[in-house]
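The chains referred to below are lettered A, B, ... by the order of the sequence lines, with proteins before strands, and numbering in each begins at 1. These numbers come from the heavy atoms of this one structure, side chains and all, not from hydrogens, waters or symmetry mates.
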Amino acid sequence: MNVRKLVSIAILLTAAAALVFSGGAAEQVEVEVDPPGGREFDWRQYEGTTLVFNFPNHVHYNAMLEAGVLEDFEALTGINVEADRMQYMNMHDAQVLEMSKPVGDYDLISMVVMWKAEYALGGMIRPLESFFDDPSLTLPDYRFDDLVPAYVEVTGIAGGENIYKDGPGAQLYGVPFGSETSFMIYRTDVFEEHGLEVPETYDELTETARYIYEEVPDTYGLTMRAASGHHATHAWLLHASPYGATVFDENWEPAFTSPESIETIEFMKKMIDYGPPGMEGFTQDEEFAAFLQGDAAIYLDASVFAGPAKDPAQSRVHDRIGFALHPRQRTPLAETGGFGIAIPENSQNAEAAFLLMQYLTLPEVEREIVLAGGAPFRMSTVEDSSLYDEYPEFEVLADQLEHANPDWRPIIPEWGEINNMLGIAINQALTGAKTPEQAMEDVYEPIRNVMIRAGYID
Amino acid sequence: MRRVCVRKSSVPGRKNSAYLFLAPAASILLLVLMVPIFNTLRLSFFEWTMRALTEPPTFVGFRNFRELFGSANFQESIRVTITFSLSVVAIELLLGTVLALLLEGEFKGMRLFRTLFVLPIMIAPVVVGIMWRFMYHPSYGKINYFLGFIGLGPYGWLSNPDLALRSVIIADIWQWTPFVFLLVLAGLQGVPKDVMEAATVDGTNYFQTLLYIKLPFISAVLGITAVLRLIDSFRSLVVIYNMTGGGPGVSTEIMSIHLFKTAFTSQRLGLASAVAVILLLLIAVFASVFIRNSLKEERR
């Protein structure tokens, strides 16, 4: 056998091996994965339908788009999904107008939890029990109980005696999707360099914020939203809960003139003093920016901010942040809020919309969205310790959710009006236009009148 | 006289045909203008919430108006609206007229300069609002950045109740002074050349020409510009809403923002209609005063 023959045989063997191995690899790729729920569940029963999904430009929903799960749903079901994305503060008007028509264009909506009772009591969204009870529509392994209980109550339960809380007559109207609690994010470099302890109480938080403002060059204490209206009320609620202040007492009488409420505003005024310039006019975007740019060393608000804070494309401090529980004072209670998804009563494609709602909240789909930067809403994800290296915030979140308060704000249908009135008054106190006592006293009667008009009190 | 009357009546149907030709335009005007106004007026006497749009409104008489005039926030919004409108109209008229007088001559590059100068009017109000919000930003805004060089600030331009309304007024002046400038410039170009030449021959100086020829000639233009800007400023919403949302507190909450919040945040369409009616009356009163004054000026 000469050399030429040997070379030819070697080349032939190599080519054959290459064909065999590449064929094997191709076979591996072609292995079909069972759809969620297995092959028995008919995902294509509404093939050809077009759904309109109205949702916000928000961390979680942006992660949903980035994960490509809407396209996956379209491929799985043959249902076409039209995405209608909006700035979240503008969604309410569009949704109310759309859902007031005999036939609406929206098939699935994302709602901020504070609109839940208004929509449910106004007959604008559908109860979901009948969908979940229908085996042709609901996967047997959907694992509803795995959804974070506090999120389910705050985003979905309404309509009973307690209006926005669980109780007699209450029904399920939505499921969590983009829901949140609150926790703290802090700059590990600042804390380590100055030997600061992570604050566990509001007194410690006040002292830490003061220290950072006075001792750490070019760095401020806590970043906080405080702009007149909704943002100021949100910030007040966030801190009022640990201070033990509430908007109403158990008889629906305004309770925001209480010493606890005034103490909350005094704390917020101190945070304004120790915070970035102009913080009394900050909206949520500006609150985020102050932390992402490295101006403020502490963030204490919605947990969905963990995604942007860790993202190198958005955050200058992504590699030096730590997570901690929401500090306590009189109570350890933290926020529940964010978004849930619901089906409008006037949707013409409610069953197909339910398929989309269910698909988006399946455990495996939730995991895909979370990996793209979304907010977890299933206990199995939050408690999955294999994720803690990459998602250290989940470990804190698992503990924080024990104190997530579903009754964090009174989500009665009149809340929008009260939210605005209270937020103006709180902002007036924060800017120094009025004293905290005067601001709360001035808004007491107007808010009481709203409650009288709505029939809660005489 | 009698012959004229006979001649008029000798053209049968002429008067009627005029009405006939006017009818389509008049009916469209009636439909799109008067019906919504009457509907708003009617709704201002009702309670109607967006939470129950399918249910009929409830008649409440003058309760909405009583509630408004008893509300400290609404009273403040009237004060803010009047302060804002009168300030912007006065300053824009003054600045626009001065700029038009400075730039009425023809010299090299003037056309380009005029085009650049009117750019602010062409920018969408949302963009103007966001742009000024960024410029006023206490930490990242250009205004505080440059003031920092001379050791001033940082100021919370939009978060300090004492500065916010002034800051909003400045943004409006930036956007709308070019509008006044354009109209006044057009008015100045209509001043007859022979009159100007005669004045020059008579030896008048610049200020005499300005006082006795130019300003009287453009007084009608100034009047109509003032009315247009006044009406527009009373209805301002988008720029201020994007800059401050009406805050801090209610210190920049002009009536149109109060109306917007009443309708879409509080969802009380009857009460919002009452705000709209009061706003309309306020505009009508101020506009009629301006129009009467400018007509008097013209007659003189």
For [X], which atoms come within 4.5 Å of any heavy atom of chain B: side chain, backbone, both, or neither?
X      : answer
A/M124 : side chain
A/P446 : neither
A/D295 : side chain
A/E445 : neither
A/H230 : neither

May I ask you to decide whether [X] forms a salt bridge with [Y], counting only side-chain N to carboxylate O separations under 4.0 Å?
X      : Y      : answer
B/R63  : B/E47  : yes
B/E253 : B/K261 : yes
A/R225 : A/E280 : no

If we define contacts as heavy-atom pairs under 4.5 Å, which of [options] has the most with chain B?
options                        : value
A/P277, A/G281, A/G416, A/A429 : A/P277
A/R453, A/K101, A/M99          : A/R453
A/A232, A/P413, A/A433         : A/P413
A/Q428, A/E118, A/K434, A/M279 : A/E118

Worked check of side chain to side chain contact (heavy atoms under 4.5 Å, CB included) between B/L68 and B/I278: CA-CA 10 Å; B/L68 282 176; B/I278 296 169; 3.8 Å; yes
Among B/E67, B/R268, B/H137, residue most engaged with chain A (heavy-atom pairs, under 4.5 Å): B/R268
Among the listed options B/G246, B/G156, B/S251, B/G249, the residue most often paired with chain A at heavy-atom distances under 4.5 Å: B/G249
Backbone N/O of A/P217 and side chain of A/T219: donor-acceptor pair under 3.5 Å: yes
Less than 4.5 Å to any heavy atom of chain A: does that hold for the side chain of [X], its backbone, both, or neither?
X      : value
B/F134 : neither
B/P154 : side chain
B/N73  : side chain
B/Y140 : side chain

Validation row: A/E287, A/D301 side chains within 4.5 angstrom (heavy atoms): yes
B/S85 and B/S233: side chain donor to acceptor below 3.5 Å: yes
Derivation of the side chain to side chain donor-acceptor pair (under 3.5 Å) call for A/N427 and A/H231: CA-CA 9 Å; A/N427 183 262; A/H231 295 286; over 6 Å; no
Test: A/K270 cationic atom under 6.0 Å from A/F267 six-membered ring centre, within 45° of axis: no
Within 45° cone of B/F46 ring axis and under 6.0 Å: B/R42 NZ or CZ: yes
